[in-house]
Novice: 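Questions regarding the structure given below will be posed in turn.
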Amino acid sequence: MKGAVIYSSKTGNTKKVAEAILEGCNEKFKIYSVNDDLDLADFEFIFMGYWVDKGTADKKALEFMQDICHKKVAIFATLGAYPNSDHAKKSLEAGAKCLGEGCSVIDNFICQGAIDPKLMEWMNKLPEDHPHAPDEERIKRWKDASTRPDKNDLNKATEFAKNVLKNI
């Protein structure tokens, strides 16, 4: 089966996960950025990755994903929140809705990724009453995210790809 691992990445987190997913695929899979000029008709299966922005796929990924139609797709994403959080779950659901007509989402994977330093700078300047202002819990999550994705996350991404391809 000819396939693609396609990703959008701002800080490099999602690209690392895409590369790990590619390791779990056969030699007929290639890796691409959403910035590449692709003919999606060339692929039977797509692993589609994005970084979470405001609870869904980032703008570049969202625009790209709308052109994926009538394909089997596995979605993967990175975000600053914990991967077992409601925010992570909702972000995957929202991302799946970005796909074009007739797509079948086979599975999904999400892991924590380091937060863009510019976003951190902005959040650190927010007033205490702002919903994204630093507090003890948020600061801990930001610190936890600062070293992600780590080797364990990348191994899980590789296994995710192997399992997806084994089960389709």
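Predicted, not measured: the structure shown is a model, and the values here were computed from it.
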Novice: Should Tyr7 and Tyr50 be counted in the same cluster of Ile, Leu, Val, Met, Phe, Trp and Tyr side chains packed under 4.5 Å apart?
Specialist: no
Novice: Between Pro127 and Ala133, which heavy-atom pair has the shortest distance, and what is it?
Specialist: O-CB, 3.1 Å
Novice: Does this structure show an ion pair linking Glu159 with Lys162, if we count only N-O contacts that are shorter than 4.0 Å?
Specialist: yes
Novice: Can you hop from Leu92 to Tyr82 via hydrophobic side chains spaced under 4.5 Å?
Specialist: no
Novice: With a 4.0 Å cut-off on N to O distance, would you call Lys10 and Asp58 a salt bridge?
Specialist: no
Novice: Please report the closest heavy-atom contact between Ile110 and Pro83, naming both atoms and the distance.
Specialist: O-CB, 3.6 Å
Novice: Answer yes if Val164 and Ile31 sit in the same cluster of Ile, Leu, Val, Met, Phe, Trp and Tyr residues linked by side chain heavy atoms under 4.5 Å apart, and no otherwise.
Specialist: yes
Novice: Does atom CG of Asn35 have more than 12 heavy-atom neighbours from other groups under 6.0 Å away?
Specialist: yes
Novice: Flag the pair Thr78 / Lys16 as yes when at least one side-chain heavy-atom distance between them is below 4.5 Å, and no otherwise.
Specialist: no
Novice: Checking Asp116 side chain against Lys118 main chain: does a donor-acceptor pair fall under 3.5 Å?
Specialist: yes
Novice: Hey, is the main chain of Gly3 close enough, under 3.5 Å, to the side chain of Glu44 for a donor-acceptor pair?
Specialist: no
Novice: Thr158 and Ala20: which non-hydrogen atoms are nearest, and at how many Å?
Specialist: OG1-O, 2.7 Å
Novice: Identify each donor-acceptor pair in which a side-chain atom of residues 64-74 lies under 3.5 Å from a protein atom, sequence neighbours left out, and give them as a table.
Specialist:
from  : atom 1 : to    : atom 2 : distance (Å)
Lys71 : NZ     : Leu40 : O      : 3.0
Lys71 : NZ     : Phe43 : O      : 2.5

Novice: Do Leu119 and Leu126 share a hydrophobic cluster (ILVMFWY, side-chain heavy atoms under 4.5 Å, transitive)?
Specialist: yes
Novice: Atom NZ in Lys30, atom CD1 in Ile6: separation rounded to 0.5 Å?
Specialist: 14.0 Å
Novice: Would you call Lys97 and Glu93 a salt bridge, using N to O less than 4.0 angstrom?
Specialist: no
Novice: Indicate yes or no: at least one non-hydrogen side-chain atom of Phe47 is less than 4.5 angstrom from one of Val17.
Specialist: no
Novice: Name all pairs fulfilling the ring pair (Phe, Tyr, Trp, His ring centres under 6.0 Å) condition that reach into residues 103-147, sequence neighbours left out, sorted by first residue then second.
Specialist: Phe109-Phe160, Trp122-His130, His130-His132
Novice: Determine whether a donor-acceptor pair (N or O, by modelled atom type, separation under 3.5 Å) exists between the side chain of Asn124 and the backbone of Glu121.
Specialist: no
